[in-house]
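Report on one structure; see the data block that follows.
Keep in mind the model is a prediction, meaning the values are calculated, not measured. Starting from 1, each residue takes its place in the sequence as its number. Indexing begins at 1, ligand by ligand and atom by atom, following the structure's order.
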Amino acid sequence: MTYDIAIIPGDGIGPEVIDAAWPLLGDAAAAAGFDLDGTRYEWGSRRYLEEGAMMPEDGTDRLESHDAILLGAVGHPDIPDHVTLRGLMLPIRKTFDQQVCKRPSVLFEGVESPLRGYGGGDIDFVVFRENTEGEYADIGGREHRGFDHELAVQTAVYTRAGTEAIVRAAFEEATARDGKLTNVTKSNAQAYGMVFWDEIVEEVSEEYPDVEVERLLVDAASMDLIRRPEEFDVVVASNLFGDILTDIGAIVSGSMGLAPSANVNVDGDYPSMFEPVHGSAPDITGQGVANPLATVLSGAMLFSHLGEDAAADALWDAVADQLADPDAPRTPDLGGEGGTEDVVADLRERL
Ligand code: NAD
Ligand code: IPM
Ligand code: MN
């Protein structure tokens, strides 16, 4: 079996972590008895600066036939973020209806959390983030620029189909895990969208009587993910709330450099995309110190999505084994002095 993977390294540390992780994914695939065929798309900010667009006009058409997409990161200090992200990553999530964004936060053995008293295994939750609508709907506008009455409108959109899709996916996951789901909301202030969101959670929960549902306002949830992260199992949140909470999830589990994610097209009509939660990290680009493990684990999520669980498990185990070993190389975000390449070289041996 050969899987055909689209690889978009993107910007900043994106190419660094992709170049490090990709050969390792090939190793894990070979060991599990299948092959990866990667097609590299050199799209991103360099292309924008040279040709005026992040990707070609038919970019998503070209991606469509692939079995999955592996993305590095997007964003460049010389180009406004709304230009780069709306030119490359966000259109892929939307065009391919990748409604379900799954982002696990795991504190591995051997990794130091900034939270006092937490050790390996104490934090293990997963955020289900609505991924194509909500606060990220590309609906709004600006008018009367330069006048005192200048205005900007940005509309949040919650559809029944989109909300049900993410909520149902979260309940399914809770059923397969510890049976606990936290609904993150802001229905005290957002009486249309978020009250609707809560109603959908309520409705869908009737299909899952064994799942215990907790409801938290997003401000309190931000606090509790730091105060009592060990109590969370599955968290479901809107697009923007999920974005914010998963950076909290990443850092309480040790580093942005460890957090993977999956953007899933649930019906399987289009390819799903796998990418680290972190961005292009211009502050460390070119230094060879970016942590590649978030990308490696995103590759593991890609394998699970393809049904290749043995390869996925092998990657998770190798990462866990490395992090638990005090003598293994680690990058500076984890308190080490190792480089990106040292980490993957060690990981290849463990695999
Ligand atoms: P960031 O995630 O790039 O960086 C935040 C901090 O985490 C920085 O200190 C960085 O050095 C550190 N960090 C991130 N990844 C790391 C890794 N693998 N190893 C070690 N340290 C790591 O967030 P930012 O600085 O807010 O954004 C930078 C750019 O990336 C912006 O243009 C932003 O829009 C973009 N961005 C893109 C994505 C994406 O492509 N999925 C995600 C987030 C941000
Ligand atoms: C993420 C990123 C993106 C998001 C940005 C870069 C648009 O922060 O994947 O978490 O908000 O979805
Ligand atoms: Mn983010």
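Leu306 and Leu71 fall into different hydrophobic clusters, defined by Ile, Leu, Val, Met, Phe, Trp and Tyr side-chain heavy atoms under 4.5 Å apart, directly or through other members. Cluster membership check: Val264 does not share its hydrophobic cluster with Ile69, using side-chain heavy-atom separations under 4.5 Å among Ile, Leu, Val, Met, Phe, Trp and Tyr. At a threshold of 4.5 Å between side-chain heavy atoms, the hydrophobic network of Ile, Leu, Val, Met, Phe, Trp and Tyr places Leu240 and Phe196 in two separate groups.
Distances shorter than 4.0 angstrom occur between a heavy atom of Ile13 and an atom of ligand 1. Residue Ala294 places every heavy atom at 4.0 Å or more from ligand 1. Within the structure, ligand 2 lacks His278 among the residues with a heavy atom less than 4.0 angstrom away. Note on ligand 1: Asp11 sits outside its first shell, no heavy atom being nearer than 4.0 Å.
Between the side chains of Tyr136 and Asp243, at least one donor N or O sits under 3.5 Å from an acceptor N or O. Between the side chains of Ser238 and Glu135, at least one donor N or O sits under 3.5 Å from an acceptor N or O. Judged purely by distance below 3.5 Å, without hydrogens or angles, the side chains of Thr331 and Asp333 pair a donor atom with an acceptor atom.
Between Glu133 and Arg93 there is no salt bridge, since no side-chain N of the basic residue sits under 4.0 Å from a carboxylate O of the acidic one. Salt bridge present: Lys102 and Glu173 bring a charged side-chain N and a carboxylate O closer than 4.0 Å. Salt bridge status for Arg228 with Glu214: present, with a side-chain N to carboxylate O gap under 4.0 Å. Contact check on Asp27 versus Arg350 returns no salt bridge, with no Lys/Arg side-chain nitrogen under 4.0 Å from an Asp/Glu carboxylate oxygen. A salt bridge does not link Arg86 with Asp81: none of the charged nitrogens is closer than 4.0 Å to a carboxylate oxygen. Under 4.0 Å is where a charged nitrogen must lie from a carboxylate oxygen, and between Glu42 and Arg47 no such pair does. Using a cutoff of 4.0 Å between basic side-chain nitrogens and carboxylate oxygens, Asp138 and Lys94 are not scored as salt-bridged.
Proximity annotation for atom 8 (C) of ligand 1: of Asp243, Leu71, Asp283, Asp283 comes nearest, heavy atoms only. Across Thr295, Thr246, Asp81, heavy-atom proximity to atom 33 (C) of ligand 1 is greatest for Asp81.
Inclusion of Ser280 in the set of residues having an N or O under 3.5 Å from an N or O of ligand 1 is warranted. Annotation: Pro276 places no N or O atom under 3.5 Å from an N or O atom of ligand 1; distance criterion only. Geometrically, ligand 1 and Asn291 share a nitrogen or oxygen pair separated by less than 3.5 Å. Checked by distance only, ligand 2 and Glu275 stay at 3.5 Å or farther apart across all their nitrogen or oxygen atoms.
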(Q) With ring-ring contact (aromatic ring centres under 6.0 Å, His included) as the criterion, how do Phe34 and Phe303 come out once you've worked through the C-alpha distance, each side chain's angles and the decisive distance to 0.1 Å? (A) CA-CA 11 Å; Phe34 64 94; Phe303 286 161; 5.4 Å; yes
Q. Between Glu203 and Arg160, is a salt bridge (Lys or Arg N to Asp or Glu O under 4.0 Å) present by the stated rule, with each step listed?
A. CA-CA 11 Å; Glu203 272 176 41; Arg160 175 167 283 276; 2.9 Å; yes
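Close contacts between ligand 1 and Pro282 involve ligand atoms 28 (C) [criterion: under 4.0 Å to a heavy atom]. The Gly75 neighbourhood of ligand 1 comprises atoms 32 (O), with distances under 4.0 Å to a heavy atom of that residue. Near Glu275, meaning under 4.0 Å from one of its heavy atoms, ligand 1 places the atoms 41 (N). Which parts of ligand 1 touch Gly279 is read off a 4.0 Å heavy-atom cut-off, strictly below it: atoms 1 (P), 2 (O), 3 (O), 30 (O), 36 (N), 37 (C), 38 (C), 42 (C), 43 (C), 44 (C). Near Arg129, meaning under 4.0 Å from one of its heavy atoms, ligand 2 places the atoms 1 (C), 4 (C), 9 (O), 10 (O), 11 (O), 12 (O). The ligand atoms of ligand 1 that sit less than 4.0 angstrom from a heavy atom of Val277 are 42 (C). Of all atoms in ligand 1, numbered sequentially from 1 with element shown, those under 4.0 Å from a heavy atom of Leu85 are 34 (O). The atoms of ligand 1 that sit less than 4.0 Å from any heavy atom of Ala73 are 40 (O). Heavy-atom proximity to Met89, at under 4.0 Å, picks out these atoms of ligand 1: 39 (C), 40 (O), 41 (N).
Here the protein heavy atom with the shortest distance to atom 1 (C) of ligand 2 is Arg103 NH2, 3.4 Å. Residue, atom and distance of the protein heavy atom nearest to atom 11 (O) of ligand 2 are Tyr136 OH, 2.5 Å. Atom 7 (C) of ligand 2 has Leu85 CG, 3.7 Å as its closest protein atom, hydrogens excluded (heavy atom only). Protein heavy atom at the shortest distance from atom 35 (C) of ligand 1 is Val74 O, 3.1 Å. Annotation: atom 3 (C) of ligand 2 to nearest protein heavy atom, Met89 CE, 3.8 Å. Protein heavy atom closest to atom 3 (O) of ligand 1, with residue, atom name and distance, is Ala281 N, 2.9 Å. Of all protein heavy atoms, the one lying nearest to atom 8 (O) of ligand 2 is Asp243 OD1, 3.2 Å.
Distances from the Mn ion (ligand 3) to the N/O/S atoms of Asp243 are shortest for OD1.
Atom 31 (C) of ligand 1 lies below 4.0 Å from at least one non-hydrogen atom of the protein. Protein heavy atoms are found less than 4.0 angstrom from atom 20 (C) of ligand 1. For atom 43 (C) of ligand 1, the nearest protein heavy atom lies closer than 4.0 Å. Distances from atom 26 (O) of ligand 1 to the protein include no heavy-atom value under 4.0 Å.
Taking the six-membered ring where the residue is Trp, His144 and His149 present tilted rings, their angle falling between 30° and 60°.
Using a 4.5 Å heavy-atom cutoff, the side chains of Glu172 and Phe128 are not in contact. Between Lys186 and Trp197 there is no side-chain heavy-atom pair separated by less than 4.5 Å.
Contacts of Arg93 with ligand 2, taken as heavy-atom pairs under 4.0 Å, involve the side chain alone. Residue contacts with ligand 1, taken as heavy atom pairs separated by less than 4.0 Å, involve Met256 solely via side-chain atoms from C-beta onward. Neither the backbone nor the side chain of Met256 comes within contact range of ligand 2; no heavy atom lies under 4.0 Å.
In this structure, the ring of His66 has its center less than 6.0 angstrom from the ring center of Tyr41.
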